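We name chains A, B, ... by the order of the sequence lines, and we start the count at 1 in each one. For clarity, every value in this text was computed on a predicted model and none was experimentally measured.
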Amino acid sequence: MRYGAGGYGMMKDRFIEELIRLIDDLEGKEVSVCGWVHSVRDLGRIKFLVIRDRTGTLQAVFKRGCCSEEEFRGVGRLKLESVVCVLGELVRGKTKEGVELKARGLRVLTEPVEPLPLEPATSLEAGLATRLNYRWLDTRNPRVTKIFLVEAAVAKAFREYYTSRGFVEIFTSKIVAAGTESGAEVFPVIYFGREAYLAQSPQFYKQMGVIGGFERVFEIGPVFRAEPHHTTRHLTEYHSLDIEMGFIDGPEDVMREVEGFFRHVRKTLMGDPTLRVILEEFGVEDIRIPREIPRVSIRDAYRILEERYGKKLPYGEDLDPEAERLMGRYASEVYDSDFIFITEYPWAARPFYTMRLEGDPQWTTGFDLLYRGLEVVTGSQREHRYEVLLDNIKDKGLDPEAFKFYLDFFKHGAPPHGGAGMGLERIVMQTLRLKNIREARLLPRDPERLLP
RNA sequence: GCCGCGGUAGUAUAGCCUGGCCUAGUAUGCGGGCCUGUCAAGCCCGUGACCCGGGUUCAAAUCCCGGCCGCGGCGCCA
């Protein structure tokens with residue numbers, strides 16, 4: 001056959017899932033099924049070829065005389081993961097799908113040129129490092145594919161929800177002149193001979209979006225963290241779901257919008273039959289969100305941790321991972337909730353742009369949302385008053401000159417505002433109860449991994 | 001960055017503690033053969049590995065040191 005010659009109609013016009021679903025209409029019709037060779041069972045005069053595409057698998061049956069002798073013999077010699085199209089009659093069969101293809105012809109589009117380093121059908125038995133090294137084979141595993149279908153659904157839900165709430169999607173630069181917090185954990189890049197950085201957060205620019213008159217903005221984009229952490233929940237590059245909204249009375253206004261989003265995620269995932277089945281395959285019966293997600297101030301959290309779980313944290317310090325897990329347990333046990341907001345974080349543990357509590361400046365409007373015991377959202381009301389912001393920068397021991405470009409935003413009319421940043425991969429990881437965040441990222445980057 | 005554990009065919013593992021019996025076992029893949037209903041197909045034959053460097057020893061997959069990589073925890077964070 002010739003490639004690149006074009007033709008009448010597409011080589012493949014239906015996914016396998018559609019063929020199976022439409023069997024009532026398609027029974028007895030001739031169809032072309034294209035995909036990868038998932039398995040071959042050659043019994044001699046009858047051969048079974050299971051074809052896999054993104055949506056499922058379908059068995060094609062080859063009997064002697066079904067097609068040319070060359071094609072018939074070729075079935076038995078097919079290598080796994082060859083790319084093929086099988087022409088045949090769609091019939092009801094005794095297979096799991098209830099449908100099979102009575103083959104009339106086989107086209108082999110490409111074959112592997114070397115033995116497979118990883119078998120898609122059993123890739124989950126391999127180590128994660130091996131799977132990531134051969135991600136293009138790993139993602140052919142149906143279960144792995146599904147992780148990314150869920151990720152796409154979460155991102156879509158994010159766009160849908162905030163668009164419906166009057167937010168405008170913005171696209172900010174990822175090449176920046178200064179880090180967001182301190183400039184410590186950023187990747188330097190050489191920008192025409194000058195030093196620049198990869199953005200660790202769209203924080204400053206989404207605030208600029210609000211101040212710049214858009215009032216409510218959101219963005220989905222990559223962020224970069226140069227922290228050499230080795231954990232199951234950190235990446236050096238991940239996708240941040242960011243929102244920022246003007247004219248708020250307090251952090252509660254932001255938390256309500258965050259809560260609404262997670263309700264919409266639940267509705268999107270549980271309401272779609274395909275996605276709901278995926279969740280069930282991952283052992284997730286439901287995403288539990290009570291009438292209102294509980295809100296616990298961190299000062300109450302210290303007390304709960306000590307009284308209920310015997311976990312003593314230094315007063316005024318951030319929650320450590322164990323404390324987060326315990327608060328997740330608390331939410332589950334007391335509120336039957338997978339979520340809990342921890343509010344009023346200490347000033348010492350939050351960045352300079354966070355608004356402090358009126359008359360209680362050691363504590364802030366900063367909050368986190370824990371999802372099954374893991375921090376997935378961080379937000380706060382932001383300090384919009386120029387003079388106060390300047391004082392806060394100095395209070396953190398930072399140089400106002402380094403943040404001049406940011407401070408300038410606040411000189412010409414900044415509404416009270418706040419927002420939040422959410423980790424896309426963490427949301428997917430917690431939703432599907434994945435053990436390692438790398439599983440929720442197509443091409444993870446960590447301190448060691450830069451390929452593929 | 002710190003701490004702990006690890007690295008054996010393409011993949012996943014056994015062997016390492018107690019050095020020699022390892023010509024390194026098993027499963028799967030891969031190559032070949034048989035089989036007309038398989039679907040974790042089955043049966044037969046074959047193929048293929050001790051991370052890299054240094055050291056100890058008569059002898060190292062096995063013990064020691066360093067490097068790289070992996071897994072997990074912590075710090076920090078989403």
Rounded to whole angstrom, note down the [atom1] distance from [N] over to [M].
N: B:G33; M: B:C71; atom1: P; answer: 40 Å
N: B:U11; M: B:G54; atom1: C1'; answer: 31 Å
N: B:U13; M: B:G53; atom1: P; answer: 24 Å
N: B:A14; M: B:G6; atom1: P; answer: 12 Å
N: B:C65; M: B:C17; atom1: P; answer: 15 Å
N: B:C51; M: B:A40; atom1: C1'; answer: 33 Å

Who is the Watson-Crick or G-U wobble partner of [N], with both distances under 3.5 Å?
N: B:A24; answer: none
N: B:C71; answer: B:G4
N: B:C77; answer: none
N: B:U56; answer: none
N: B:A40; answer: none
N: B:G46; answer: B:C30

What does A:Ile437 touch in the nucleic acid at a heavy-atom separation under 4.0 angstrom: a base, only the sugar-phosphate, or nothing?
->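 The residue A:Ile437 makes base contact.
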Hey, does A:Arg325 reach any base, or is it just sugar-phosphate, or nothing, if we go heavy atoms under 4.0 Å?
-> sugar-phosphate
For B:A78, take OP1 and OP2 only and decide whether either is under 4.0 Å from a side-chain N or O of A:Arg426.
-> no
Would one find a side-chain N or O of A:Thr231 under 4.0 angstrom from OP1 or OP2 of B:G73?
-> no
Nearest non-hydrogen partners of A:Phe72 and A:Lys63, listed with the distance |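 It is CE1-C, 3.4 Å.
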Could you tell me whether the side chain of A:Arg140 and the main chain of A:Ala121 form a donor-acceptor pair under 3.5 Å?
-> no
Salt-bridge criterion met for A:Glu425 and A:Arg445 (N-O under 4.0 Å) =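 Looking at A:Arg445 together with A:Glu425, the answer is no, because their closest N to O distance does not fall below 4.0 Å.
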Should the pair A:Lys79-A:Glu111 be classified as a salt bridge under the 4.0 Å nitrogen-to-oxygen rule?
->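 No, this pair does not count.
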Can you give one letter per nucleotide of nucleotides 28-37 of chain B, going 5' to 3': B for a protein heavy atom under 4.0 Å from the base, S for sugar-phosphate only, - for none?
-> SSSS---BBB
Base B:C76 paired with A:His234 side chain (donor-acceptor, <3.5 Å) |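 Looking at the base of B:C76, it does pair with a donor or acceptor on the side chain of A:His234 (distance under 3.5 Å).
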Mind checking whether A:Tyr330 and A:Tyr335 have parallel, tilted or perpendicular rings, split at 30° and 60°?
->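 Perpendicular: the ring planes of A:Tyr330 and A:Tyr335 meet at over 60°.
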Those residues that, when tested against A:Thr55, pass side chain to side chain contact (heavy atoms under 4.5 Å, CB included) (two or more places apart) = A:Phe15, A:Ile16, A:Glu17, A:Asp53
Those residues that, when tested against A:Arg135, pass side chain to side chain donor-acceptor pair (under 3.5 Å) (two or more places apart) |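 With neighbours one apart ignored, the set is A:Asp138.
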